[in-house]
Amino acid sequence: DYMESYMKAVMEESEKSLENLKKADDTKHLIDVSRWKRFHLYDDCMFGIDMGTKMDKAKMKEIHPSVNFVGRANANNGITTCVDKVDDIEPYPSGYMTLSLGGEYLGSCFIQPKPFYTSQNVIVLIPNDNMTDNVKRFIATMIFRESRSKYKAFVDELNRHIKTDFSIPLPITSTGEPDWQYMEDYMKQIMDKSEQIISDLQI
């Protein structure tokens with residue numbers, strides 16, 4: 001009787017979670033991007049592109065770890081471990097973005113929450129102006145989609161394109177500049193909706 005009642009409760013909870021996920025999927029809709037404009041990452045309104053610290057994780061010490069190490073990964077913001085600070089190399093500050101130029105996770109782009117170093121083939125995007133985290137998330141998503149749809153790991157990677165012809169489409173204002181407010185509002189809506197879904201799943 002205990003096993004029967006316990007599993008009945010588990011099944012009912014699972015069914016409720018699946019129903020909530022179905023509702024989340026039903027909210028998807030297409031965005032009209034026909035009037036968007038392409039921007040290079042190095043444009044004045046976008047980023048400074050730094051090629052990263054190019055460190056070898058195997059040679060890093062982890063005795064008193066205090067600096068995140070960002071590699072070519074697509075989980076945990078690309079952070080693969082935490083390492084000791086190197087005396088003569090200052091970490092990048094939190095808030096900068098990292099982008100994987102190649103490998104299996106080509107195009108993986110994240111905002112870094114803490115000071116960090118990078119491995120080979122991971123560059124750092126330094127905003128030329130103040131950007132909110134929501135704007136950075138929007139841009140990171142566009143970078144990832146562009147990378148995965150037009151470039152290929154181990155064949156045609158981002159290395160030779162990132163400072164030349166790599167570009168992403170962004171919404172624009174009536175003057176042709178990036179519409180930062182649109183990006184902010186759109187991502188805020190997405191984040192709020194995601195938080196609500198997580199909350200529903202935990203009920």
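For clarity, every value in this text was computed on a predicted model and none was experimentally measured.
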Mind telling me whether Phe138 and Tyr182 have parallel, tilted or perpendicular rings, with 30° and 60° as the class edges?
perpendicular
Validation row: Asp156, Lys150 side chains within 4.5 angstrom (heavy atoms)
no
Tell me whether Leu158 shares a hydrophobic cluster with Ile49, the cluster being built from Ile, Leu, Val, Met, Phe, Trp, Tyr side chains joined at under 4.5 Å.
yes
Working to the nearest 0.5 Å, report the span between CZ of Phe110 and NZ of Lys136.
15.0 Å
Do the charged groups of Glu12 and Lys8 touch, with an N to O distance under 4.0 Å?
yes
Side-chain donor or acceptor of Tyr151 paired with backbone N/O of His161 under 3.5 Å
no
Between Gln189 and Asp185, is there a side-chain donor-acceptor contact under 3.5 Å, judged purely by atom types and distance?
no
Would you say that more than 12 heavy atoms from the other residues, nucleotides or ligands in this model lie under 6.0 Å from the NZ of Lys85, or not?
yes
Note: Arg38 and Pro169 closest approach over all heavy atoms is NH1-CD, 3.8 Å
With clusters defined by side-chain heavy atoms of hydrophobic residues (ILVMFWY) lying less than 4.5 Å apart, directly or transitively, does Met55 cluster with Leu101?
no
Gap between atom CD of Glu184 and atom CZ of Arg137 - 0.5 Å precision:
9.0 Å
CG on Leu41 to CD on Glu146, rounded to 0.5 Å
9.5 Å
Using every non-hydrogen atom in the two residues, find where Ala140 and Cys109 come nearest and quote the distance to one decimal.
CB-O, 3.7 Å
Between Lys163 and Ile123, is any pair of side-chain heavy atoms under 4.5 Å apart?
no
To the nearest 0.5 angstrom, please state how far the OH atom of Tyr96 sits from the CG atom of Leu125.
11.0 Å
If two hydrophobic side chains count as joined below 4.5 Å and joins carry through other members, does Val122 share a cluster with Val67?
no
Does anything in residues 69-95 pair up under ring-ring contact (aromatic ring centres under 6.0 Å, His included), and if so which pairs, sequence neighbours excluded?
Tyr92-Phe116
Within the distance-only criterion (no hydrogens, no angle test), does the side chain of Lys37 pair as donor or acceptor with the backbone N or O of Gly176 below 3.5 angstrom?
yes
Within the side chain of Thr118, is there an N or O that forms a donor-acceptor pair under 3.5 Å with the backbone of Thr53?
yes
Identify the heavy atoms of Gly103 and Glu157 that sit nearest to each other, and give their distance.
N-OE2, 2.7 Å
Under the side chain to side chain donor-acceptor pair (under 3.5 Å) definition, can you give me all pairs with a residue in residues 73-84, not counting sequence neighbours?
Glu62-Thr81
Please answer whether the main-chain N or O of His40 pairs with a side-chain N or O of Asp43 as donor and acceptor at a distance below 3.5 Å.
yes
Counting N and O atoms only, with roles assigned by atom type, does the side chain of Tyr42 sit under 3.5 Å from a partner on the main chain of Thr164, one being a donor and the other an acceptor?
yes
Please check if the side chain of Arg148 supplies one atom and the backbone of Leu106 the other of a donor-acceptor pair under 3.5 Å.
yes
Ser100 side, atom OG; Asn121 side, atom CG - distance, nearest 0.5 Å:
6.5 Å
Heavy atoms from other residues, nucleotides or ligands near CG of Asp56 exceed 12 (cutoff 6.0 Å)
yes
Yes or no on side-chain hydrogen bond (donor to acceptor under 3.5 Å, both in side chains) for Asp32 and Ser34, after CA distance, side-chain angles and deciding distance?
CA-CA 6 Å; Asp32 181 11; Ser34 60; 2.8 Å; yes
Is the shortest side-chain heavy-atom distance between Pro113 and Ile79 below 4.5 Å?
yes
Do Ile139 and Phe144 sit in one hydrophobic cluster, given that two such residues count as connected whenever their side-chain heavy atoms are within less than 4.5 Å of each other, even indirectly?
no
Distance, nearest 0.5 Å, that separates CG of Leu99 from CD1 of Ile143:
5.5 Å
Ile172 side chain near Phe39 side chain, heavy-atom distance below 4.5 Å:
yes
Would one find more than 12 heavy atoms of other residues, nucleotides or ligands at under 6.0 Å from atom CG of Asp165?
yes
Would you list the pairs meeting side chain to side chain donor-acceptor pair (under 3.5 Å) in which at least one residue belongs to residues 102-116, sequence neighbours left out?
Thr98-Gln112
How close do Ser66 and Cys82 get, counting heavy atoms only, and between which atoms?
N-SG, 3.7 Å
Under a 4.5 Å side-chain heavy-atom rule over Ile, Leu, Val, Met, Phe, Trp and Tyr, are Ile168 and Ile126 clustered together?
no
